[in-house]
Amino acid sequence: MSQTHADNLTKTDTILIVDDTEDNIQTLSILIQHHLPHINIISELDSYQGFVRAKQDLPDGIICDINMPFMNGYELTEMLRNNDSTSRVPILIMTSQDPDVNIKINSLEAGADDFISRPIDENELIARIKVMLRISNVEKKLRRSNENLKKDLQNKEAQLSIILQNTKEGFWEYDVKSQRIILDHNCLNIIQEDSIMSDLHLEWWINRIHPNHQTLFKQELHKYQNGEAEYFQAEYQVLTSSGNWEWIWSRAIFSSDNHRLIGTHRVITDNKTEYIKNEQLMLAIEHTTETIVITDLQAKIIYANPAFEKVTGYSQSEYLGKNPSVLKSGEHTDSFYKQIWATLLSGKTWEGRIINRKKDGSLYTEEAVISPVVDKDGQAINYIGIKKDITDSLILENRLAYSEKMEAVGRLAAGIAHDFNNLLGGIIGFSEISQMYTEENDRLNKNLNMILKASHRAQGLVKRLVLFSQTNTTGQKMSNPFEIMQKALEILKKSLPNTISIQANVIEGEALIKADPDKIHDLIINLCTNASESSNNQGVIELRANEINLTQQLDGIMGVINPGAYYMIQAKDFGSGMSDDTLKTAFDPFFTTQEVGKGTGLGLAVVFGIIKEHQGNLRVKSEVGEGSEFTVYLPTHKKAINDSEPETDKKTPAKGGDEKILFIDDEQSICHVFEYLFTDLGYTITTTNNSDDALELFRKNPNYYDLIISDLSLPNMNGLELAKRVFKLNRNIPFILITGQHDLQDQNKYLNEGVTAILHKPFIKNEIAIEVRNILDLRSKE
């Protein structure tokens, strides 16, 4: 096994490709000759011409497509199998259909040796062709061996008769004219018949042959009688009198008078059964996705299946006779390998994970089972390793673990945000109340103002914490593009090389975009990563983002960009740039201008898909050697009142009133703050910490209150459930929900239930007072 089959191939090895599509033939020819340049490729576009060509050239292997006009791949395979000259040529069937079990079964029943489906795995195809050529070479050797045997039989007919008398093989004689067949005692024993039946007609013998083999027997006999073969031989099954099927190998040659055929029968059932089992086992080993490696006792590789080549990247000529240590990754200590050998030398099986290194230098992890192979005396003769590449599975496990971890962090952040906003509500509220009792230039007033500014900074910190924890999105929602840009910039500063400088000019605005924040984040990362790679990871990237109002129509990559309000994201580099031809395919999946192994070609394709999904557009300016400028336009929407940012310097006092308000919050400090603030504005305030108490108060007099304000997160009965029960008593009562959750999803769900508005904690005195006044004024107009 020190020399591979590929080493023995010569230009005389020929493969015939039969396919009705010229492009398919050309693609296969290029691929095969790239890996096996010594192979001679011949081809035919027509099934029948392919059959004629096969008989004419007798190729070493045939690749044919299933779906062809006039005569499909199955029919062509059957014709080739039924023809004497091509019956033993290996055939590989190829299809573009889904490779279901029925297609494979039909291919094998038609007589094909192998099967492969498109799209073609290059390594798999080459491996299957090598197997096909191995089979062809074995057939050639067998034919040469049989030719030598035939010559020996012809020259020593008399000696053969003497030898047969002293062997357990059965002797038979066939008279061509009378078509009578004579079986000796051994032959009769094979089929368990009496000696009286020794003189029989040929048809009687043929009827004892298995139906699937009768045609083969007749063809081989006819071929020899017509001089198309130098001797007669056939393997087939015959039925014994006990009802069993025995495999028989028949051989014969003409006697000197050319009127009689003289030969032998040998029972080969045991050998044939073992051969079939071994053949099936090898077929399974050759096609399994697990790598199987067999070494000798000195740990030199004597066999490895195609999966080993596919996983490691090493060819047969590179690993045969070598130690598996060529795969050592350097990730394990010497004691790790000593422990494996200690287990094997003790006659036990070792199981575990091994980190190995492929030919290209990349690492991969395998689940391995390595065992000694022992003979009948219990002595080790080989070692066999069965291993499975679990690298992708480990990556998925790590991603799942990371996802679960971030989900937990998200829940923690949401909980912290809610509780922290409640605390900030008290701090901000009592600070504003205290300011009401101080003069503007008073030292205490200034101190309180500093407390308020610090509280608002803490409020922003909570929002960023929630934004950071959002690893999963539930789809598009109204989002702040400025916050998305800020988060992306933080990641870019850490991920891009130090040799790249980002000059960012990101302007905060009032508008929102309807978007999936994670995907917009990915869009920005991909744009800047592409700019960095185009600049060879050196120089400057200019990143701009701001709200714009287009007054005229522009041409975009995805069609015209109509006038209107947009959020513009622009990334400019000063790298290699692109020609007009390159720009036409720049957004195609897997297109890249990078060297092989550098860049996936998916960055701009991802950008294109995200922009299209968000109903946006894109413009590109690029010149070779001058760099590129990508400008993204995303439609914007006006920011709702409830999403406005806190304004700490807003001094315009809110209008008060004399209405009656019921306020519910489980935080006592929030209740006190609200009561102080709104009592000063003239309102009559009733507060409670319990939703059940609030419902009872309202049930006693459903028309007494003009407005209800409730925290969303309440024990026993939350704010939304309270609102539903209140509406059953008085559908017209305005109901405001307040919440400390800045990432509250699907606010429309609450508004559709009849809730008037949703406000976020911590609320600012003027903001909530203005909102309350607006809602009450709107009710009075109704």
Side-chain angles (χ1 to χ4, degrees), residues 81-82 84 87-90 111 113 135-157 159-176 181-193 197-198 200 202-225 228-255 260-280 282:
R81 284 290 173 257
N82 291 330
D84 295 335
S87 62
R88 292 185 178 271
V89 177
D113 299 277
I135 295 173
S136 178
N137 278 359
V138 170
E139 290 289 343
K140 288 179 179 178
K141 291 179 181 178
L142 182 61
R143 283 197 295 271
R144 286 195 295 269
S145 176
N146 288 336
E147 287 172 1
N148 293 334
L149 177 62
K150 176 209 63 175
K151 292 177 182 178
D152 186 65
L153 289 174
Q154 288 176 331
N155 295 331
K156 299 182 179 181
E157 180 180 338
Q159 294 179 1
L160 177 62
S161 298
I162 298 173
I163 293 172
L164 289 176
Q165 294 174 7
N166 296 285
T167 66
K168 294 184 179 180
E169 293 187 356
F171 176 83
W172 63 284
E173 180 179 325
Y174 169 59
D175 187 287
V176 176
I181 186 168
I182 300 173
L183 305 177
D184 75 348
H185 179 72
N186 286 342
C187 280
L188 292 172
N189 284 339
I190 290 173
I191 59 174
Q192 300 173 6
E193 293 289 357
M197 304 181 65
S198 61
L200 305 164
L202 179 65
E203 280 302 317
W204 178 90
W205 178 254
I206 292 177
N207 288 333
R208 299 294 293 261
I209 297 175
H210 194 286
N212 293 343
H213 302 157
Q214 290 178 5
T215 300
L216 171 67
F217 182 88
K218 292 178 181 178
Q219 286 177 342
E220 292 297 327
L221 186 60
H222 179 76
K223 186 164 54 176
Y224 179 57
Q225 287 177 313
E228 298 175 14
E230 296 183 11
Y231 56 89
F232 166 81
Q233 77 164 6
E235 290 183 4
Y236 52 93
Q237 286 178 292
V238 294
L239 183 65
T240 67
S241 297
S242 61
N244 297 321
W245 291 100
E246 292 282 2
W247 277 97
I248 299 295
W249 182 26
S250 292
R251 295 161 294 169
I253 60 172
F254 273 120
S255 61
R260 293 173 298 125
L261 202 61
I262 302 172
T264 62
H265 292 321
R266 177 190 291 177
V267 179
I268 59 170
T269 301
D270 292 341
N271 293 338
K272 190 68 176 180
T273 302
E274 191 66 26
Y275 173 78
I276 292 173
K277 287 181 180 179
N278 291 337
E279 191 176 48
Q280 292 173 338
M282 283 304 301

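Residues take their numbers from the sequence shown, with the count starting at 1. All values reported here derive from a predicted model rather than from experimental measurement.
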Show your reasoning for whether salt bridge (Lys or Arg N to Asp or Glu O under 4.0 Å) applies to Arg81 and Asp113.
CA-CA 11 Å; Arg81 284 290 173 257; Asp113 299 277; 2.6 Å; yes
For this output row, return yes or no: ring centroids of Phe254 and Tyr224 closer than 6.0 angstrom.
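Here the rings of Tyr224 and Phe254 have centres that are less than 6.0 Å from each other.
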For [X] against [Y], the heavy-atom pair lying closest together:
X      : Y      : answer
Gln219 : Asn82  : NE2-O, 3.7 Å
Phe232 : Ser250 : CE2-CB, 3.8 Å
Pro90  : Ser136 : CG-N, 3.9 Å

Using the rule given for side-chain contact (heavy atoms from CB on, under 4.5 Å), can you reason through Phe217 versus Leu202, listing the C-alpha separation, both sets of side-chain angles and the distance that settles it, and then say yes or no?
CA-CA 11 Å; Phe217 182 88; Leu202 179 65; 4.3 Å; yes
Enter the distance from [X]:[atom1] to [Y]:[atom2] here, rounded to the nearest 0.5 Å.
X      : Y      : atom1 : atom2 : answer
Thr215 : His222 : OG1   : NE2   : 13.0 Å
Trp245 : His213 : CH2   : NE2   : 9.0 Å
Arg208 : Tyr236 : CZ    : OH    : 12.0 Å
Ser87  : Glu220 : OG    : CD    : 7.0 Å
Asn137 : Glu139 : CG    : CD    : 10.0 Å
Trp172 : Ile248 : CH2   : CD1   : 11.5 Å

Output yes when a side-chain donor or acceptor of Gln214 lies under 3.5 Å from a complementary backbone atom of Ile206, and no otherwise.
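Looks like yes, one N/O pair under 3.5 Å.
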Can you list the residues that meet the ring-ring contact (aromatic ring centres under 6.0 Å, His included) rule with Tyr174, with sequence neighbours excluded?
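Listed in chain order: nothing, the list is empty.
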Residues in side chain to side chain donor-acceptor pair (under 3.5 Å) contact with Asp175, at least two apart in sequence or another chain
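Scan of Asp175 (side chain to side chain donor-acceptor pair (under 3.5 Å), adjacent residues dropped) gives Ser178.
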